[in-house]
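A quick write-up on the structure given underneath.
What you are looking at is a predicted structure, and each value in this text was computed from that prediction instead of being measured. Every chain is numbered from 1, with letters handed out A, B, ... down the list of sequences.
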2 protein chains.
Amino acid sequence: MPSTSKCYGYPVESIPFDVMDPACPSRVVLQRIGDKWTPLIVQALKDGPLRFSELRVAVGGITPKVLTQTLRALERDGLVLRKVFAEVPVRVEYRLTPLGESLLDPLNAVREWAESHADKILAARDAFDAATD
Amino acid sequence: MPSTSKCYGYPVESIPFDVMDPACPSRVVLQRIGDKWTPLIVQALKDGPLRFSELRVAVGGITPKVLTQTLRALERDGLVLRKVFAEVPVRVEYRLTPLGESLLDPLNAVREWAESHADKILAARDAFDAATD
DNA sequence: CGGCATCCGATACGATACTG
DNA sequence: CAGTATCGTATCGGATGCCG
């Protein structure tokens, strides 16, 4: 616990993590949930467990390799639970853990912002590009 | 406006953008605000304009090159306004646009989640790694 | 002070093919 | 069905040095 980091300098009552601190673990957390596929996968699981192939369809455009990679990472971080059913053929279900469900609201806020402001961003981009040719 | 994309198939009243659609522009928006530095820069500007060197300090660990890159991208997308003062030495201020300010709340939700759940994620990670050695 | 130019390494992501 | 293996690319980000 280096005293150089704000993340470890606060009493337990206050928030001990600070994303503005380069050494703070909350930064890596922020980048995990901010990667290309994590938000989409988590939100695809919001209504209950899905199978691997169902996830592939729900999250448009993802390849099996990347889906596996991201699911493994989410499992490792305790956001997703992987359950294998010994049937023939084998069935595998992915569901959100309570921790993963707690991420749903923040993610929804960002997703809704993205969907409702995408047009303005696109317009700003066009205007900027037109002004800098 | 290709009819193959859900993003353009809805009437104006409903949300025309869907992040689950691979062809939807809201995806690129989601990835911009989810990159490594954008959330930190936007939140660093929440209390008012900052100069380039002030931003460098506020956002710990960022290099000048990447700070410039990210600020240009934010400016292009209409989230940040860049203002140059013709003084000696020159002063440059960056401030959030109204569009950028509207991003503050969603981003705060995610940041707070990251800061308040980072310990659980770290613990889950350790447990997972210990179980898979 | 506020950048830009250049080089470079890591890695995230994708395409394709194959397997228990 | 639910992945794995292999390969290739592209983008991101870091280090360093220079400039108006």
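- When rounded to the nearest whole Å, the span between CG of A/L71 and P of D/dG3 equals 8 Å.
- Under the 4.5 Å side-chain heavy-atom criterion for Ile, Leu, Val, Met, Phe, Trp and Tyr, B/L71 and B/V66 are members of the same hydrophobic cluster.
- Look at CD on A/Q31: it is 8 Å from P on D/dG13, rounded to the nearest Å.
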Stepwise side chain to side chain contact (heavy atoms under 4.5 Å, CB included) test for B/E93 and B/L50 = CA-CA 5 Å; B/E93 270 188 4; B/L50 287 181; over 6 Å; no
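- Between the CD atom of A/E93 and the P atom of D/dG3 there is a distance of 12 Å, rounded to whole Å.
- As a whole-Å value, the separation of A/K65 NZ from D/dT9 P is 14 Å.
- At distances below 3.5 Å, at least one donor-acceptor pair connects side-chain atoms of B/W113 with backbone N or O atoms of A/S102.
- Distance check: B/L45 CG to B/L103 CG gives 11.5 Å after rounding to the nearest 0.5 Å.
- Between the side chain of B/S26 and the main chain of A/A114, no donor-acceptor pair closer than 3.5 Å is present.
- A/Y94 comes within 4.0 angstrom of sugar-phosphate atoms only, judged by non-hydrogen atoms across all strands, and of no base.
- Contacts of B/R56 with the nucleic acid, taken as non-hydrogen atoms under 4.0 Å apart, are absent.
- Side chain of A/R72, nearest nucleotide from D/dT6, D/dG3, D/dG13: D/dG3.
- The interatomic distance linking A/R51 (CZ) with D/dA2 (C1') rounds to 9 Å, in whole Å.
- Running 5' to 3' along DNA chain C, contacts with non-hydrogen atoms of chain A at under 4.0 Å begin and end at C/dC13 to C/dA15.
- Comparing atom distances between the B/W37 side chain and each of D/dG13, D/dG3, D/dA5 picks out D/dG13 as nearest.
- Nearest to the side-chain atoms of A/S53 among the listed nucleotides D/dC1, D/dA15, D/dT4 stands D/dC1.
- Counting to the nearest Å, the C1' atom of D/dT11 and the NZ atom of B/K36 are 14 Å from each other.
- Remark: C1' of D/dG3 and CZ of A/R91 are 17 Å apart, rounded to the nearest angstrom.
- Here the CG atom belonging to B/L79 is positioned 9.5 Å from the NE2 atom belonging to A/H117, to the nearest 0.5 angstrom.
- For the pair A/V90 and A/D35, both in contact range of DNA chain C, the more 5′-proximal nearest nucleotide belongs to A/D35.
- The CG-P distance, from A/L67 to D/dA5, rounds to 16 Å in whole Å.
- With rounding to the nearest 0.5 angstrom, the NZ atom of A/K120 is 7.0 Å from the CG atom of B/L99.
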